[in-house]
Amino acid sequence: MDKLVIRGARPLHGHIRISGSKNAALPILLAAPLVDGVIEYDNVPRLRDIFTTLKLINILGLETTFEQNRVTVHPPASPGALNHEAPYDLVKTMRASVLCLGPLLARLGRARVALPGGCAIGARPVNLHLTALEKMGATFDLEAGYIEGRCDRLRGAHIIFDFPTVGGTENLLMAASLADGRTVLENAAREPEIADLAEFLNAMGARISGHGTSVITIDGVASLHGGRHTIMSDRIEAGTYMVAAAITGGELLLEGCPYRELDAVVFKLGEMGVVFEKTPDGVRVARNGDLVNVDVATQPYPGFPTDMQAQIMALMCLARGAGSIKETIFENRYMHVQELVRLGARIKVSGQNAFVHGVKRLVGAPVMASDLRASASLVLAGLAAEGTTEVQRVYHLDRGYETMEVKLSRVGADIVRARE
Ligand code: UD1
């Protein structure tokens with residue numbers, strides 16, 4: 001297993017190119033079984049979750065190539081050659097595999113997808129996906145740890161989500177694209193990655209409108225054709241490097257940085273004393289004097305993203321005064337807290353709230369990553385800490401950050417990958 005060894009307290013200066021979005025690429029790649037033709041995807045990040053997704057697509061019967069950041073997917077000679085099963089071995093390593101449920105039901109009328117188990121950040125059930133697909137005519141059984149879904153052609157339906165679930169909205173968007181008639185999704189998630197999925201499907205011939213708002217209308221079509229799509233930039237990677245600039249007191253130009261999609265993050269970091277300048281190439285980020293603490297609550301988009309909670313917490317550890325975080329999306333997403341405390345942070349957790357009292361300095365120590373964004377927060381804290389921080393179990397980071405240590409070294413960080 002690899003670890004990252006960071007010698008901190010060095011301001012970062014230079015530019016970092018933001019990669020394609022993992023959370024947009026996953027559903028967009030998993031939509032491939034819906035399509036009757038060759039698809040070319042550009043700006044696909046080379047990440048562990050993407051390799052897992054391609055493996056799943058191969059198991060489903062499609063051929064893939066991955067060169068640089070371009071993925072090409074070839075459909076099988078006939079739809080009959082598509083496989084309808086997503087095995088547990090893959091699903092357990094990547095929960096997003098459950099996003100093949102909608103496409104398989106829509107294309108084949110059946111799907112056998114391992115039920116994802118719990119994960120480090122909570123139970124994460126898929127009940128909202130299943131209830132909505134049932135409204136479209138699918139039936140489900142749970143057998144030997146697998147969701148067994150069946151349907152004749154899915155039919156359009158009016159669905160009101162109990163909660164704006166990201167994955168649920170994506171599964172339904174894909175399923176409804178090939179359904180019979182019109183589907184209306186209300187209280188749909190508004191994340192930019194969902195809009196990117198809808199843009200992709202529309203480019204392949206789907207008829208989707210309202211994406212990016214909480215009411216999405218999908219008029220089912222008989223088939224989708226091949227085409228080309230460029231994956232949007234990764235707003236969470238960009239947000240993480242915004243914090244890297246601020247926490248080290250440096251200045252970074254983030255090339256290709258999504259900006260409007262990071263409104264809530266830019267707003268909160270701005271309150272803390274981080275300054276932003278939009279340039280033709282991207283966004284310049286620096287810190288304006290001392291940081292001050294803030295109160296943050298995670299919310300569905302356009303609110304503050306739960307995927308940036310751990311990273312802003314690292315920054316809050318070094319800001320003046322007291323601040324608080326309320327995590328409203330996942331019930332167990334404070335695994336990084338005890339690790340940050342090992343570096344000298346002062347944080348108390350009570351239920352879904354974390355109270356952070358800023359300290360003057362953090363001091364390096366060995367710490368253990370528990371999930372993807374928690375790992376990112378430990379790297380950020382390590383960049384600011386005096387002395388050496390070792391972030392163990394860095395494979396979590398490799399799921400979602402393209403060559404993070406290379407990008408950070410180029411802007412002046414002392415960070416190396418080593419064997420544990
Ligand atoms: C996606 C993102 C993840 C992000 C999350 C919230 C991907 C691959 N992952 O995850 O990085 O943190 O959105 O922005 O894009 N829920 C249910 N029943 C369901 C579905 C969800 O109770 O059927 C609950 C979940 O347990 C969780 C909350 O709803 O507490 C949010 O889940 P959801 O929006 O579905 O997140 P994901 O799609 O899993």
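Counting convention: from 1, in listed order, for ligands and their atoms alike.
By the salt bridge (Lys or Arg N to Asp or Glu O under 4.0 Å) test, Arg182 pairs with Asp219, sequence neighbours left out. For Pro305, the side chain to side chain contact (heavy atoms under 4.5 Å, CB included) test picks out Arg235, Ile236, Val265, Met308, with sequence neighbours left out.
Less than 4.0 angstrom separates some heavy atom of Gly167 from each of these atoms of ligand 1: 35 (O), 38 (O). Remark: ligand 1 atoms within the under-4.0 Å shell around heavy atoms of Thr306 are 6 (C), 12 (O), 14 (O). Those atoms of ligand 1 with a heavy atom of His129 less than 4.0 angstrom away are 23 (O).
Considering backbone and side-chain atoms alike, Arg95 places every N or O at 3.5 Å or more from each N or O of ligand 1. Remark: ligand 1 and Ala96 share no N or O pair separated by less than 3.5 Å (distance only, no angle test). Between Asn127 and ligand 1, at least one pair of N/O atoms sits closer than 3.5 Å. On a distance-only criterion, Thr165 and ligand 1 share at least one N/O pair closer than 3.5 Å. The N/O atoms of Leu26, backbone and side chain alike, include none that comes under 3.5 Å of an N/O atom in ligand 1. Where the criterion is an N or O separation shorter than 3.5 Å, residue side chain and backbone included, Pro125 meets it with respect to ligand 1.
Contacts with ligand 1 closer than 4.0 Å are made by heavy atoms of both the backbone and the side chain of Ile329. The part of Arg333 lying near ligand 1 is the side chain, judged by heavy-atom distances below 4.0 Å. Under 4.0 Å from ligand 1, the heavy atoms of Phe163 that appear belong solely to its side chain. At a 4.0 Å heavy-atom cut-off, ligand 1 touches Leu128 through backbone and side chain alike.
A side chain to side chain contact (heavy atoms under 4.5 Å, CB included) with Val73 is found for exactly one of Val38, Val35, Asn58, Thr64, namely Thr64. Checking each of Gln352, Arg333, Lys326, Glu327 against Thr298 for a side-chain hydrogen bond (donor to acceptor under 3.5 Å, both in side chains) leaves exactly one that passes, namely Glu327.
Taking only non-hydrogen atoms, the option from Asn23, Val166, Asp49 nearest to atom 2 (C) of ligand 1 is Asn23.
Between Tyr146 and Tyr88, a ring centre-to-centre spacing not shorter than 6.0 Å is recorded.
Residues Arg228 and Tyr41 fail the side-chain proximity criterion, which asks for heavy atoms closer than 4.5 Å. Using a 4.5 Å heavy-atom threshold, the side chains of Val243 and Leu269 count as touching.
Remark: Arg46 qualifies as a cation-pi partner of Phe66 under the 6.0 Å distance and 45° angle criteria applied to the six-membered ring.
In this structure, Asp2 contributes its side chain and Arg419 its backbone to no donor-acceptor pair below 3.5 Å.
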